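These notes concern the structure reproduced below.
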Amino acid sequence: MATIHDVALRAGVSVTTVSRVLNNRGYISQKTRDKVYQTMNELNYRPNEIARSLLRKQSNVIGLIIPDVSHPFFGELANYIEYYAYQNGFKIMLCNSHMEPSKEREYVEMLKGNRVDGIIMGSHTLEVDEYMNLNSPIVTIDRQIGADIPYISSDNYQGGVIAAELLLAKGRRKLAHICGNLELQMLSNRRTAGFMDVLEAHGVKPVTMHETDLNVFSQKQYTELVERLLVEHPEVDGLFVTSDLIAIHALKQIVAHGRKVPEDIAIIGYDDIRAAGYLSPGITTIRQPVQELAELAVDLIRRQIVEEEINMKNILPVTLVERETT
C-alpha cells in the first residue's frame with residue numbers, strides 16, 4: 001500500500017508539500033497540486049482520514065440523530081442538513097434512534113468516539129444531563145435542554161393558534177385534536193397548547209387523543225386513534241393533528257367511514273411534507289420552514305466550531321398552507 005512518502009518521491013516534491021496539498025494549507029501552485037493529485041491516483045493512495053482528523057483536531061463530520069429517516073418530515077430535514085453541511089465542507093453521519101433511549105445513547109457514544117465536530121439532535125429521549133456531558137458543539141431541534149445549548153424550532157405555539165382560528169372561521173365547533181406523545185418534553189407540544197388556548201377563549205372544548213408509546217410514528221396507532229375518534233365521537237366536524245402523516249391517515253379513515261372531507265369533517269395537519277400537496281384532496285397544513293431549519297442547524301454548528309457568537313433561542317415563523325381539506 002502506497003504511503004505519503006511514496007507520493008512525494010514519485011511527484012518529486014517533499015512530504016511537507018504533499019501534506020499541505022492534502023490539508024489545503026499554505027501556498028501551493030496549481031501545477032504542483034495537479035502533480036500531487038495525479039501521482040496519488042497513479043499510486044492509488046488514500047490518506048488516513050482518522051490520522052488526519054487527529055492531527056488537525058477536526059473531522060469535518062457532523063453527527064445527526066433523528067427519530068426515523070423514513071418519516072417524511074425527518075427525511076426531508078436530513079436531506080437539507082446533508083446539503084448545507086456539504087456546502088460548508090462537512091459530511092454527515094446519520095443515526096436513526098427510533099425513539100429508543102438505549103439506541104440514542106449508543107449513537108451518542110459512537111459519535112463521541114468518532115470525534116465528530118458537532119451533533120445535531122433531532123431525537124430527544126435521553127435525560128438532559130446526558131446531553132450536557134457531550135463536550136462538543138450541539139444544536140437541538142424542538143427541545144430546549146440548557147441555557148448554553150442552542151435550539152431551533154418552528155413557532156409551534158403560533159401554528160396551533162392558526163389551526164384553531166381557521167377551523168373556527170370555517171364555522172366548525174365540534175372539534176377534535178390528535179397529537180404526539182405529550183410525555184416527551186418537546187417544544188412541538190406547544191402546537192397543542194396554542195390550539196387549546198384559542199379554543200378555550202371561544203368556549204370550545206375539543207376531544208383530544210394522543211400517542212402514548214415512546215415508539216412513535218406507528219401507522220397502526222394512527223389508524224386506531226382515528227378509528228376510535230370516529231366511532232366514539234361521530235359529531236366531530238373539525239380535526240387538527242400535529243403532523244401531516246397523521247392527517248393522511250385521518251383522511252383515509254374518514255373517507256373509508258363514508259364521510260366527506262371537508263364537507264363533514266375539515267382536517268388541518270402540520271409540517272407541509274410534500275405528500276400533503278400530492279393527495280386529492282390536498283391537505284391544509286401549517287408549514288414548517290424545513291429548509292431554513294436545516295440551514296440554520298448547520299450554521300450554528302459551524303459558528304460554534306470557530307467560536308463565533310450565536311443565538312441560543314432560534315424560533316422560525318410558520319405559515320398556513322390552505323388546500324382542499326378545509
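Here, residue 1 is the first one in the sequence, and each next residue gets the next number. All of these numbers come straight from a predicted model, not from anything done at the bench.
Evaluation of the ring-ring contact (aromatic ring centres under 6.0 Å, His included) rule for F240 yields H177, F195 as partners, not counting sequence neighbours.
When hydrophobic clusters are built by joining Ile, Leu, Val, Met, Phe, Trp and Tyr residues whose side-chain heavy atoms come closer than 4.5 Å, directly or via intermediates, I152 is grouped together with F74.
A donor atom on one side chain and an acceptor atom on the other are found under 3.5 Å apart for E42 and Q38. Remark: the D6 side chain and the T3 side chain contain an N/O donor-acceptor pair separated by less than 3.5 Å. A side-chain donor-acceptor contact under 3.5 Å links N156 and D142. No donor-acceptor contact under 3.5 angstrom links the side chains of Y80 and E292, judged on distance only. Between T285 and D244, the side chains place a donor N or O and an acceptor N or O closer than 3.5 Å (distance only, hydrogens not considered).
Across N96 and Y107, no two heavy atoms sit closer than the pair O-CE1, 3.1 Å. When all heavy atoms are compared, the tightest approach of I310 to P150 is CD1-CG, 3.7 Å. For the residue pair P262 and R172, the shortest heavy atom distance occurs at O-NH2, 2.8 Å. Contact record, T284 with T325: N-OG1, 2.8 Å, taken as the closest heavy-atom pair. Looking at every heavy atom in both residues, L187 comes nearest to R143 through CD1-N, 3.8 Å. Of all heavy-atom pairs between D117 and N60, the closest is OD2-N, 2.5 Å.
A cation-pi arrangement is not found for R191 relative to Y157, the charged atom failing to lie both closer than 6.0 Å to the ring centre and inside a 45° cone about the ring normal.
Dense packing is recorded around NZ of K103, with more than 12 heavy atoms of other residues, nucleotides or ligands lying under 6.0 Å away. Annotation for E200: atom CD does not count as buried by contact number, only 12 or fewer foreign heavy atoms lying within 6.0 Å. Other residues, nucleotides and ligands contribute over 12 non-hydrogen atoms within 6.0 Å of the CD atom of Q87.
Expressed to the nearest 0.5 Å, how far CG of L239 lies from CE of M209 amounts to 10.0 Å. The CD1 atom of I145 sits 5.5 Å away from atom CD1 of I138, with the distance rounded to the nearest 0.5 Å. To the nearest 0.5 Å, atom CG of residue L296 and atom CZ of residue R303 are 8.5 Å apart. Distance check: L175 CG to T208 OG1 gives 10.0 Å after rounding to the nearest 0.5 Å. Note that CG of L9 is 12.5 Å distant from CD1 of I4, once rounded to the nearest 0.5 Å.
Salt bridge annotation for D34-K31: absent, with no cationic side-chain nitrogen under 4.0 angstrom from a carboxylate oxygen. A salt bridge links E322 with K170: the distance from a Lys NZ or Arg NE/NH1/NH2 to an Asp or Glu carboxylate oxygen falls below 4.0 Å.
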Under the salt bridge (charged side-chain N to carboxylate O under 4.0 Å, His left out) rule, what do R190 and D197 come out as? Steps first, then yes or no, please. CA-CA 10 Å; R190 291 187 58 76; D197 285 350; over 6 Å; no
Step by step, work out the side-chain hydrogen bond (donor to acceptor under 3.5 Å, both in side chains) result for D299 and N88. CA-CA 8 Å; D299 189 56; N88 284 275; over 6 Å; no
Test side-chain hydrogen bond (donor to acceptor under 3.5 Å, both in side chains) applied to Y270 and S154, step by step: CA-CA 11 Å; Y270 199 103; S154 69; 3.1 Å; yes
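Not one N or O on the side chain of Q253 forms a donor-acceptor pair closer than 3.5 Å with the backbone of T223. Listed for the Q304 side chain is a donor-acceptor partner under 3.5 Å among the backbone atoms of L300. When atom types are taken as modelled, the side chain of T32 and the backbone of I28 share no donor-acceptor pair closer than 3.5 angstrom.
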